[in-house]
Every structure is written in structure tokens, then in C-alpha cells.
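Here is the structure we will look at.
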Amino acid sequence: MDAPQATTSGRVATGRETMKAIVQDRYGGLKTLEYKDIDRPEAKDDEVLVRVRAAGLDRGVWHLMAGLPYLIRFIGFGVRRPKVRVRGMDVAGTVEAVGGDVTRFQPGDEVFGWADGSYAEYVSVPAGNLARKPANLSFEQAAIVPISGFAALQALRDVGQVQAGQRVLVLGAAGGVGSYAVQLAKAFGARVTGVASTRQLELVRSLGADDVADYTREDVTDGSRHWDLVIDTGGHRPLSRLRRALTPRGTLVIVGSEGRGRWLGGFDRNLRAVALSPFVGQRLGMLSSKTRQDDLQTLRELLEAGKVTPAVSATYPLAEVPEAIRQLVEGHRGGKLVITV
């Protein structure tokens, strides 16, 4: 058998078309990520081949890279090594080709949605994971909507059961999920207080928050003020303090937890909240967010109506994904980071 030959572009000819991608074959730190050539995927009958223009970055990407907490390895992402070699979960781009059973899209359509392995020049995606990109959004804006948008929407509507006129507190209001939670709560008619650091307050105000709080100067969980619904999008505040911020019949929704435990990573706090809830007057819940076509369409309608605007913090080219993840972990100025392709 003839050995693969290098092409004039520097890529290796394998008999199939290739593409650049961020590949990972073992869990670990940034050095486990490789920017390399791999075979370009092909669309199956129910799939769409998307030419990636942009992809979102959130802490979920870091968790899948590190394989931490260990819990995620046992719920379908790969016990010994990543089940999906290419990182990335959000995507926006242009339809390159469609499978034989796909009728909703055709080549040239601009789309956005969720996809395993979006840190690549191309990704093959089930058609049900995609929707047409809102015309009023750039690819960079559209690429940061799905995963974080699903979490914020489901936390408020499904778990929190938000109602017009309620007072809502969003902890981590400048982050990926928090920035959507502020805007969606306003769209649902709530009065919103957003909590962030000093340098992020202007962003939170621009998202439409009625009130802002600087967590470096004020503890909103000291019991001096109370909200009908608290959305905790990060950090690891004790349940006892979060409950102090609630009205006697208020609702807490824990969206994420960045505890240091290698097995549960703070998820034990989520479980404690659910276990305690039946024994107190307040509703204490956690979010297990789901990727759903109906919710993607809901977000699309809100985006087109101008009720929600994605907050892009910074963009990085595909080759610089490790640097983007480093910035994410070290903390940036709020909003979401975008990978451009």
C-alpha cells in the first residue's frame, strides 16, 4: 500500500478530503488538544454537513476536555478517553451538503444549533439539531446561543416557573448562562437583579437588568433582601446562604456548580438541594439542561424579535482554542467567547 503523500497545502492526502480540527485523544489539560488534519465527515441520510463559521465556548467544553468531575465520564462522554475526539458543542455555519432524508435544509442555508465536534472546519449534524440562523445575528452571535440559551430558558421557565412581576436574582449574571437568564427573565416580565464583579456591571446593565449588585462589595445572600426566584449559574455558595435570599415560598434553581471535588465537582450541593426541598417551604431545585429543537425555535423567535441579544466577549481563531479555554478558566470580562473558523 502506498504511503500517504503530503499535498501542496501541507495537508496529508489519505484518499478522503481532510479538514483542520481541534482533536483530543485523552483527558487532561490544554496540552492534550491538537490542531491537526483529520478526515472530513460525510452527512448520513438524516444529517447535514455544515461548513463551520463559528462555534461557542463555555465551561462545559473545559469539563469535557479535563474529564472532570469524573461523573461526566460515566454518563456517556467516555470513561477512559473522550467518546467524541473533536471538541466543541455549539455551531453556526453554512450548509455544505444534506443527507438523502433531509428536506428542511439545502446547500447554502445559514444555520445554527448544537453539534458534537464543532471545533473543526466541517461538522456533520443531525438535521433536528439545527435551525435557520436569525438574519439579524452574525455567525459569531448565533454560535453562542444554543447550549447556554437552553440552560437559561429551561432554568427560568421549566424549573423556576417564572411569572410576570416576580423578582428574580441572577447570580453570575455576566456569564454565558447568566447573560441569557437576565434577558429571558425580562422577556418573561420579571424584575431582575443581576450579580457580577465590578468590571462586569456595565455589561449586566446593558442586558436589561433593573438592578445590579457587585459581589466584591455586597453579599446579596445576607438576608437583607429577598427574591421570588434565584438562578445560581455558578460559584459554590452554601445552600443555607442561598435560601436567605429567597422569600418564604421562593424558588431556587441551581444551574451549575464549580466545586473542587474530582468525583462530583460540587454536584453534591445540587443533590442536597433536591433532597431538602420537600421538607421546607421554599422550592429548591437543580437544572439538568436538555438540547431540544422546540427550545431552539423558541430562542430563535426571541432573537429575531430583539428580546435577546448574544453578548460576545472575544473571538479566537480555531488554532487558538487552547488559549481561549485558558482565558475562560482564568476569568474574562463577561459574555461568551467565540471560536471562528
Side-chain angles (χ1 to χ4, degrees), residues 19-22 35 40-41 43 47-61 64 84 86-99 102 104-153 175-177 179-180 183-184 289-321 324-325 328 335-341:
M19 66 176 184
K20 290 292 188 182
I22 297 294
Y35 178 60
R40 195 178 94 171
E47 292 182 338
V48 174
L49 181 66
V50 176
R51 170 67 174 94
V52 180
R53 296 287 300 276
L57 172 60
D58 56 44
R59 288 196 68 91
V61 172
L64 291 179
V84 178
V86 180
R87 296 277 62 80
M89 297 186 289
D90 287 313
V91 67
T94 305
V95 174
E96 183 79 5
V98 298
V102 176
R104 292 176 54 226
F105 302 107
Q106 60 185 6
D109 287 345
E110 296 181 348
V111 295
F112 78 123
W114 71 96
D116 290 331
S118 58
Y119 293 169
E121 292 178 319
Y122 294 88
V123 64
S124 193
V125 191
N129 292 20
L130 299 171
R132 294 185 185 277
K133 180 181 74 66
N136 57 330
L137 295 190
S138 66
F139 284 108
E140 290 80 9
Q141 289 175 308
I144 60 174
V145 172
I147 300 299
S148 293
F150 288 148
L153 176 64
V177 177
S179 60
Y180 289 114
Q183 297 180 80
L184 288 168
S289 127
K290 298 176 178 60
T291 51
R292 295 195 290 234
Q293 171 65 212
D294 288 350
D295 285 350
L296 186 62
Q297 294 294 345
T298 296
L299 290 169
R300 181 174 181 268
E301 292 169 6
L302 290 165
L303 292 160
E304 289 183 325
K307 294 182 179 180
V308 175
T309 301
V312 176
S313 173
T315 62
Y316 292 82
L318 182 62
E320 296 182 15
V321 164
I325 295 176
L328 175 73
K336 291 201 64 174
L337 302 178
V338 185
I339 306 304
T340 57
V341 183

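In this text, all values refer to a predicted model and were calculated from it rather than measured experimentally. Computed from heavy atoms alone, side chains included, the values below leave out hydrogens, waters and symmetry copies.
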### Message
When you compare the side chain of Asn136 with that of Glu304, does any pair of heavy atoms fall below 4.5 Å?
### Response
yes
### Task
Using the test salt bridge (charged side-chain N to carboxylate O under 4.0 Å, His left out), find all partners of Arg53 that sit at least two apart in sequence or belong to another chain.
none
### Query
Which pair of non-hydrogen atoms, one from Leu49 and one from Arg40, has the smallest distance, and what is that distance?
CD2-NH2, 3.9 Å
#### Entry: Student check: side-chain heavy atoms of Gln106 and Val98 closer than 4.5 Å
no
### Task
Provide the closest heavy-atom pair for Ser118 versus Asp90 in the form atom of the first, atom of the second, distance.
OG-O, 2.7 Å
### Query
If you look at every heavy atom in Thr315 and Thr340, which pair is closest and at what distance?
CB-CG2, 4.0 Å
#### Entry: side-chain contact (heavy atoms from CB on, under 4.5 Å) between Trp114 and Val125, intermediate numbers included
CA-CA 8 Å; Trp114 71 96; Val125 191; over 6 Å; no
#### Entry: Val308 side chain reached by Leu299 side chain, heavy atoms, under 4.5 Å
no
#### Entry: Pairs where residues 128-138 contributes a residue and the test salt bridge (Lys or Arg N to Asp or Glu O under 4.0 Å) is met, not counting sequence neighbours
Asp109-Arg132, Glu110-Lys133
### Message
Has Glu320 got a side-chain atom pairing as donor or acceptor with Pro317's backbone, closer than 3.5 angstrom?
### Response
no
### Any donor-acceptor N/O pair, Tyr119 side chain to Met89 backbone, under 3.5 Å
no
### Task
Determine yes or no for a side-chain-to-main-chain donor-acceptor pair under 3.5 angstrom, with Arg300 supplying the side chain and Ala131 the backbone.
no
### Rounded distance [0.5 Å steps], OH in Tyr316 versus CG in Leu328
9.5 Å
### Summary
Value for CZ (Arg87) from CD1 (Ile339), rounded to nearest 0.5 Å, stands at 13.0 Å
### Query
Would Val312 and Ile144 satisfy side-chain contact (heavy atoms from CB on, under 4.5 Å), going step by step from the backbone distance to the final call?
CA-CA 8 Å; Val312 176; Ile144 60 174; 3.7 Å; yes
### Query
Between Leu153 and Leu184, what is the shortest heavy-atom contact and its length?
N-CD1, 3.6 Å
### Task
Report yes or no: does Ser179 contribute a side-chain atom to a donor-acceptor pair with the main-chain N or O of Gly335 at less than 3.5 Å?
no
### Query
With distance as the sole test, does Gln293 use its side chain to make a donor-acceptor pair with the main-chain N or O of Leu130 at under 3.5 Å?
yes
## Note on the structure
When every non-hydrogen atom of Ser148 is compared with those of Asp58, the smallest separation belongs to OG-OD2, 4.2 Å
### Donor-acceptor side-chain pairing of Gln297 and Glu301 below 3.5 angstrom
no
### Message
Once ring-ring contact (aromatic ring centres under 6.0 Å, His included) is applied, do any residues pair with Phe139, and if so which ones, sequence neighbours excluded?
### Response
none
### Message
Any heavy-atom pair between the side chains of Lys336 and Tyr180 that's under 4.5 Å?
### Response
yes
## Note on the structure
Residues Ala97 and Pro107: closest non-hydrogen pair is CA-CG, 4.4 Å
### Task
Would you check if Val341 and Arg51 make a side-chain contact, meaning some heavy-atom pair closer than 4.5 Å?
yes
### Query
Measuring from Phe105:CZ to Thr94:OG1, what's the distance to the nearest 0.5 Å?
12.5 Å
### Message
Using the rule given for side-chain contact (heavy atoms from CB on, under 4.5 Å), can you reason through Val123 versus Asp116, listing the C-alpha separation, both sets of side-chain angles and the distance that settles it, and then say yes or no?
### Response
CA-CA 8 Å; Val123 64; Asp116 290 331; over 6 Å; no
